[in-house]
Structure formats: C-alpha cells, structure tokens
Amino acid sequence: MKNNFYFFLAATALLSCGPQERVSKETFEEVNRNMEVKRLTEAEIINEAMIWGDSITKEAQNQLITQLQQAIENQGFPGAIEFCQANATSILGSLGESHSVQIKRVSNRYRNPSDQPEPVEQPILEAYEYNAENGIKSDPNIQKIQNGEVLLYTKPIVISNSMCLSCHGEPGKEVSEGTLAKLSEKYPADRALGHRMGDLRGMWSVKLPKKEVVKRL
Ligand code: HEC
C-alpha cells in the first residue's frame, strides 16, 4: 500500500513539476493524427512503451555485459575500468540513436558523475530505493514527461552477478588493490563501492518519444 502511495506521489509530482519544455505544435498534431487514424487508447500506448522499454534495456544490458566480459578477459579488471570509462556512454548513445530514444543508467551512488539522476528521474529512483530498503519488489515504470510527449521508462538495476562485485563490492575483499588504485585514479569521487549481492545499483532510464511508440502500433 505504502509503495503504491509512494508511486502515486512520485507520479503526481512528475506530472505537476516536470520540466516545462516547449513542445512543438506539429509534434502534438502528428501524434494526435496517428492516434486517431489507428484509434489507439492511452492504455495501448503505455503498454507498448513498457514492452519497448523492456526490450531496449535488455539489449543495452546484453551489449554492455558482452563487451565488459571481453574487456575483462583481454585486460583484467583494472583495464576493463578504462574500457567502461571510455565506452559505456557511447555504447548506450549509439544504441539509443538506432532506436530514436535516449538510454541512460542513473544512480544516486554514481561512479561517473554524469550518471546522476535528473530532477524528473529522482523521485522514481527514490521510490526504487525505498522499495529496496523495505524488501518490496519494484516493477518497471512508465511516466509521462514533457507534457506527455515523452514516455519515461525506468527499471531497477540490481547487483545480481558476483562479477559486478569485483568493481562495485567491498574494497580489500572483492575489489582488489589494483582495481581500487585504477578506480581512485579514474573516479576520485566514486560512490559506487561497498555494494553486496542483491543491492540496488541504480536504474535504467529510457526516454521514448510518444510519436515513436505510436509508430510501433
Ligand atoms: C571492470 C569493472 C566493472 C565491473 C565488473 C562492473 N562495473 Fe559497473 N561500472 C564500472 C565503471 C568504471 C563505471 C563507470 C562508467 C562510466 O564512466 O561511464 C560503472 C558504472 C556502472 C553503472 C552506471 C552508474 C554509475 O555508477 O556511474 C551501473 C548501473 C553499473 N556500473 C552496474 C554494474 C553491474 C550491475 C555490474 C555487474 C553486471 C557491473 N556494473 C560490473 C566498472 C565495472
């Protein structure tokens, strides 16, 4: 119940205090026209956004993990840290471009400061944190932002693989001296250490333009 209430609060806050960006009239009209021609309901659109967000984040995760494992094999953990710093953002950037969406990972315990949540993402991330702290399972979520022109898909990222702990676990225990040295060199303000299996690491955040979602139906 509390959880639902929290999400309700988050949703209300987002709808009322979302970024007041100007939306072009053409885009609205295009979406409305497409919806009318196909007679789509709001529920069908949200449902499709959920399916699409889910498949995009799975694809993104597969790409990151495959390339990360390759980097670990070739260069060991410290070398793989350099690989992540150089490539994580661009891998997500080009995947996002190929789908006409924006894909990010955000966290309040961020390693890369550019992975801090935006104001519109913060209450959703806090709801996931609240759930994690209270042992409540979190489902993916869709919020309308930018006057409903964009659907924000989010999904928790949990430490579910012991490999993650080699770079996000306890220093001196799972995180080796060499890895720690590389991390402090590359990320002097790192907040992403000290995690355990099952911890919330952050969340996926995918901005799906509504007109792209409508095209899929
Ligand atoms: C080789 C070390 C390494 C391993 C193993 C690793 N990470 Fe990371 N992780 C990093 C680095 C480095 C960054 C920062 C990347 C950047 O600068 O964009 C990062 C960033 C992240 C972020 C983005 C938020 C932030 O803190 O900046 C998430 C989420 C994340 N990792 C989750 C995971 C998960 C889940 C696993 C296990 C499947 C994992 N990582 C395994 C090194 C690692």
Side-chain angles (χ1 to χ4, degrees), residues 53-98 101-133 137-141 152-207:
D54 221 47
S55 102
I56 287 175
T57 49
K58 282 197 179 115
E59 191 182 351
Q61 178 156 334
N62 284 342
Q63 284 197 9
L64 285 181
I65 288 190
T66 311
Q67 300 210 32
L68 175 61
Q69 277 170 340
Q70 196 68 53
I72 293 170
E73 255 172 54
N74 295 339
Q75 315 163 41
F77 283 99
I81 289 166
E82 292 190 23
F83 171 85
C84 287
Q85 187 177 43
N87 298 295
T89 307
S90 61
I91 291 171
L92 297 181
S94 43
L95 183 63
E97 229 169 85
S98 74
V101 304
Q102 192 205 75
I103 312 169
K104 287 192 304 174
R105 298 178 301 172
V106 299
S107 180
N108 281 321
R109 285 179 65 177
Y110 49 84
R111 175 156 286 164
N112 186 331
S114 69
D115 292 332
Q116 289 177 68
E118 295 170 35
V120 77
E121 294 163 329
Q122 184 66 34
I124 309 171
L125 184 55
E126 280 174 13
Y128 289 147
E129 286 169 351
Y130 174 89
N131 286 355
E133 279 158 23
K137 189 182 172 294
S138 289
D139 290 321
N141 184 264
L152 176 65
Y153 170 93
T154 54
K155 182 164 80 174
I157 300 175
V158 173
I159 304 251
S160 52
N161 185 323
S162 59
M163 182 259 282
C164 313
L165 296 178
S166 303
C167 299
H168 293 292
E170 206 67 57
K173 200 172 148 212
E174 294 109 345
V175 183
S176 72
E177 292 276 317
T179 302
L180 201 58
K182 184 60 80 181
L183 284 172
S184 21
E185 176 199 328
K186 297 287 175 187
Y187 303 95
D190 190 12
R191 296 187 180 188
L193 283 167
H195 277 291
R196 296 189 190 159
M197 278 295 273
D199 271 8
L200 183 74
R201 182 65 264 281
M203 71 176 191
W204 288 104
S205 167
V206 189
K207 287 182 182 158

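Numbering of ligands and ligand atoms starts at 1, following listing order. Only heavy atoms go into these numbers, but all of them, side chains included; no hydrogens, no water, no symmetry mates.
What sits closest to atom 20 (C) of ligand 1 on the protein, heavy atoms only, is R105 NH2, 3.6 Å. Of the protein's non-hydrogen atoms, the one nearest atom 29 (C) of ligand 1 is I157 CD1, 3.7 Å. The closest protein non-hydrogen atom to atom 24 (C) of ligand 1 is D115 OD2, 3.4 Å.
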What side-chain donor-acceptor pairs closer than 3.5 Å can you find for residues 64-82, not counting sequence neighbours?
from: T66; atom 1: OG1; to: N62; atom 2: O; distance (Å): 2.5
from: N74; atom 1: ND2; to: Q70; atom 2: O; distance (Å): 3.4
from: E82; atom 1: OE2; to: K182; atom 2: NZ; distance (Å): 2.4

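When the side chain to side chain contact (heavy atoms under 4.5 Å, CB included) test is applied to E97, no partner is found at least two apart in sequence or on another chain. For D54, the side chain to side chain donor-acceptor pair (under 3.5 Å) partners are K58, Y153, not counting sequence neighbours.
Listed by atom number, the atoms of ligand 1 under 4.0 Å from T89 heavy atoms are 18 (O). Contact atoms of ligand 1 toward Q85: 17 (O) (distance under 4.0 Å to a heavy atom of the residue). The F77 neighbourhood of ligand 1 comprises atoms 1 (C), 5 (C), with distances under 4.0 Å to a heavy atom of that residue. Counting atoms of ligand 1 from 1 in the listed order, those under 4.0 Å from a heavy atom of A80 are 1 (C). Listed by atom number, the atoms of ligand 1 under 4.0 Å from Y110 heavy atoms are 25 (C), 26 (O). Within ligand 1, counting atoms from 1 as listed, the ones closer than 4.0 Å to a heavy atom of M163 are 5 (C).
When each of N141, D139, T57 is tested with K155 by the rule side chain to side chain donor-acceptor pair (under 3.5 Å), just one qualifies, namely T57.
Remark: ligand 1 and S107 share no N or O pair separated by less than 3.5 Å (distance only, no angle test). Considering backbone and side-chain atoms alike, Y187 places an N or O below 3.5 Å from some N or O of ligand 1.
Protein N, O or S atom count below 2.8 Å of atom 8 (Fe) of ligand 1: the structure gives 1.
When atom types are taken as modelled, the side chain of R201 and the backbone of R109 share a donor-acceptor pair closer than 3.5 angstrom.
From L180, atom CG reaches atom SG of C167 across 10.5 Å, with rounding to the nearest 0.5 Å.
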